[in-house]
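Position 1 is the first residue of the sequence; numbering continues from there.
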Amino acid sequence: MEGRCAVESWAEFGSSGTSCTLKVMFGLETDVFICTGGDEVSVFSSQERKVTAVLQFPGPVTDLVESHDKQLLYVACRSGVYCVSLQFLLSRAQSSPADASSSPAELSISSEFLAVAEEGVLSLLLVGDVLLTLSQRDTSWSLTLYRSSNYEMLSSFSLPLVLGVVHNDTEAKTGMRRTLICVHSSDASPSTSSSEATLSDGHYRLESLLFKLLFGIDAALAKSPVILCGLPDGCLCFLPLRLPGSRLRVLHSLEQPVVFVGASVVTETGPGHAQCLVAVGELGRVVLIKTDKGGSEGGGSRAGFIEGCVPGPVTCGCVDRNGLYYSTGSDLLVLDLSEGSSRREGQEKDEETPSKRDAALQSPTSLNVCRVVALAQPTRNTAGEVQLLGLSVRGQLQRITLPVGGEDAKLSKVPSTQVGRSVRDLLSAIGDVCERASVLKTAIKSKKLILRHLNQVLNISFLLMTGTNGEEHHPIQEKPIRCHAVTIWSRLLQKDSLNLTCVLDNSSPYVLEGGWTLSIAVFPLSCPPSAGGESSSTDYSFPFHNLQPGETLEVSLPLAAAGEASFPVTVRCSLIFSLSCLLGEEAANFPGLQSSYVSLPLNTLTVDWLHALQVNGPHKKATSQSNNTTDPIQAFLRSRQIRCRGRGEGGGESVSKPEQYSASVRVSSELLRDTLVLKGSDLDAHNVGLSLLEWLLSEGPGGVTTGHRGDKMALSSSSSVVHARGPNGHAVKLTAKEVNMGEKEESLTTVEVQVESSSIAAVCGLHHAVLRRVQTLLQRAPERAASTKRIQSLGLRQALQRAEHLLQQIQQSRVSGAFSMGASAGQTTRSLLSVYQELRENPLLII
């Protein structure tokens, strides 16, 4: 074949179905019917080059066929078969408003056009006055015959389906291959039906000898049309239509879904008489059925089945006089079926002929046209060129013109007009390829970015999830991505408040790109449970972008206002990644991703009473009466309460000093020297106590440090006493002094840290904070006897549990006291005093 194909685009249609449901069919005069797999059938005028009408059906269209006189259109849907008069369609299209002449007429096909109420019809065929429908039942294929005049059911035939080829019911009933054609004998009288004189689409006239060999002498004598069915399970079945007692039988099996069945190789002596049947499978298997004259041992003629394979997969096909045209989706090819057929006449059979035929099946010619998924029956123009009407994968209707091929044609004799057209076609093909390459390049680049981003997310997830199921308390340095915090008191509008500055440190080799959010949840330890039984919390979210390795992110959040004492506070830090950020703008196509996210826990911080202290000067003793930050009204009411409590029976006034509470913890000096980084190695016990206070106020376990304003001034003094004000406004005093325990010969030198305040809550809170820090010192201590260290850890854990229990009771009494009577508040106070007495009479010694 010389030259190149000319591709002309006629119209654009939206393709919403698979190649199994797409169909292009020539209609009356210049009309073309296009089905793109949805519930619409478009009527396209090839003369006006525009869509003139759109038929809207109640469900997805599976097949359509015209009557022999081109007056009726039968359309198969899920709910049944509809019949539409083309004259009615033409009159409705012409009666559309004048201002809408540029747009096609939209016609809604209602139930009044329903001809056959059979559900699940997959394919249609009209033979004379008989309408045939093919559908699938549970375990069989059903071929039903109806009279086209009154739609009365004449008969029904069934054939068991091969379950090994049809993979599942969904695929078999929605997107499966099927084909239905009618074959007539060449010696059948055209007068039997006026429409059979010029066969319509789906009808073929087969050579009488081959017809008799395939379908039997009875069908040939009765001149009965034969229905051929190509099924998704690979079976090629036939049914003589007018033969009494006939049944649906299998002619051949391709063992793969049948895509196309037709007849080709028309002889010159008998115009319109095909010499072979062609069946094409989805994976490229081709079966040619021809007459094999003079059998292998000089016997009579018989039907020969020649099988071969062509490059697949095959999406659609059609035949003309001597060629098979089929598309693989990426290319359009033509297979010459006349090769070897003409030389069979008057030639002895030899051993090389089958191999030549097989070679012909394996060597199709490429037409260099891609993305074709549906083809109409080929036609020829006045110049003898073969013209194909196809539908592309994007729903583009194209007319493909094949050049005239001849053995004597030379390249030098090609007309200049054809050369110019070939150049235009080549440039058009190059532009099409460039456009597709650009789209693919953009898509590949976008997917690479998504995969790279996803790879970063997975690496970070694996990095943070490693070791999560191990011990409960890991050192903060073990996590490459972690948080630490600083507590700072600030003053705004005559009110003090404690703020927490949380710092996210990215020490990993990965970049935290867009889509990450730092989530911080604050859980007060002594907060009473809510109605659901869970402790209330306050959540904060901080989205950020592109945190490079080695960089930090600093955020601030409020913890408590002055006068509040809901300490200690647990701060849980975590990283949250939204999966919708991976796809960007394409995420709108996936509604399920909008609420999908990945949560990765980081570390947990604890803010206790030592972090919340406001330290005063070294010699300035702060009291609750000299609290400058307290509301004047509250100070006045408090002073009046003190005076009322100090009034004697004689009516005089006497100011009584508030009762002072205290608690202490003793730590051996040897443990402190082994764990604390001191200023000198020959320090005495006094300096050890000063350094212990400095460490208590500057460092904290769990990654939280204190940002006191007057710490340096307070701790630069030689005195081992610190005066401060707690978050509840009460004055507190911390003292570190040397205490010798035991006899003089075997005395143990310890440093006693004592907490004093007029507030039980302050004493218990600070006692709990000191115990937590001493627990850190014990973990840092050098390895000693395992039993000794285990006993010390057990004692600390029990002391911490008692302190936390006391803090919870204090918080609950503070909340309930605001809503209860004086008697219940007094009972709560007495129970708190009993617990405090137990805490004070059992001091803890850490050695």
Spacing of CG belonging to L547 relative to CD belonging to E513, to within rounding of 0.5 Å: 11.0 Å

Check for a donor-acceptor pair, side chain of N603 on one end and backbone N or O of C483 on the other, with a separation under 3.5 Å. yes

Option from D496, L498, V732 for which side chain to side chain contact (heavy atoms under 4.5 Å, CB included) with Q614 holds: D496

Side chains of F542 and S556: does their closest heavy-atom pair fall under 4.5 Å? no

Are any non-hydrogen side-chain atoms of V667 and V753 less than 4.5 angstrom apart? no

At what distance, to the nearest 0.5 angstrom, does CG of N546 lie from CG of L553? 12.0 Å

Could you give the distance from CE (M465) to CD1 (I460), rounded to the nearest 0.5 Å? 14.0 Å

How many angstroms lie between atom CG of L610 and atom OG1 of T487, to the nearest 0.5 angstrom? 10.0 Å

Could you check L613 against L766 for side-chain contact (heavy atoms from CB on, under 4.5 Å), going step by step and ending with a plain yes or no? CA-CA 9 Å; L613 284 182; L766 290 173; 3.9 Å; yes

Apply the test side-chain contact (heavy atoms from CB on, under 4.5 Å) to residues V722 and L696: give CA-CA distance (whole Å), side-chain angles for both, the deciding distance (0.1 Å), then the verdict. CA-CA 11 Å; V722 174; L696 288 175; over 6 Å; no

Under a 4.5 Å cut-off applied to non-hydrogen side-chain atoms, are L771 and H767 in contact? yes

Quick check against the 3.5 Å criterion: does N506 have a side-chain atom that pairs as donor or acceptor with the backbone of Q548? yes

May I ask you to test the R482-L602 pair for a side-chain heavy-atom distance under 4.5 Å? no

What's the shortest heavy-atom distance between F567 and V607, and which atoms? CD2-O, 3.7 Å

Is there a donor-acceptor pair under 3.5 Å between the side chain of H768 and the backbone N or O of D608? no

Taking the side chain as C-beta and beyond, is there a heavy-atom pair between I481 and K479 under 4.5 Å? no

Going by heavy atoms in the side chains, are P727 and W489 under 4.5 Å from each other? yes

Out of T538, V555, L504, D539, which residue meets the side chain to side chain contact (heavy atoms under 4.5 Å, CB included) rule with I520? V555

Can you classify the ring geometry of W516 versus F577 as parallel (below 30°), tilted (30 to 60°) or perpendicular (above 60°)? tilted

Selection residues 491-514 - residue pairs positive for ring-ring contact (aromatic ring centres under 6.0 Å, His included), sequence neighbours left out: none

Derivation and outcome, side-chain hydrogen bond (donor to acceptor under 3.5 Å, both in side chains), residues S578 and S580: CA-CA 5 Å; S578 176; S580 60; 2.9 Å; yes

Below 4.5 Å, heavy atoms only, C-beta onward: do C502 and H484 meet side chain to side chain? no

Under 3.5 Å side-chain donor-acceptor pair for S759 and S757: no

Between OG on residue S497 and CD1 on residue I488, distance to nearest 0.5 Å: 11.0 Å

For W609 and A761, the nearest pair of non-hydrogen atoms, with its separation, is CZ2-O, 3.6 Å

Side-chain donor/acceptor of N459 to backbone N/O of N455, under 3.5 Å: yes

So which heavy atom on L600 is nearest to which on V598, and how close? CD2-CG1, 4.0 Å

How far apart are the closest heavy atoms of V704 and H611, and which atoms are they? O-NE2, 3.2 Å

How long is the span from the CZ atom in R773 to the CG atom in L697, to the nearest 0.5 Å? 8.0 Å

With a 4.5 Å limit on heavy-atom distance, are the side chains of T606 and P568 in contact? yes

Q660 and E756: which non-hydrogen atoms are nearest, and at how many Å? OE1-C, 4.4 Å

Minimal non-hydrogen separation, S662 against V763, with atom names: C-CG1, 3.9 Å

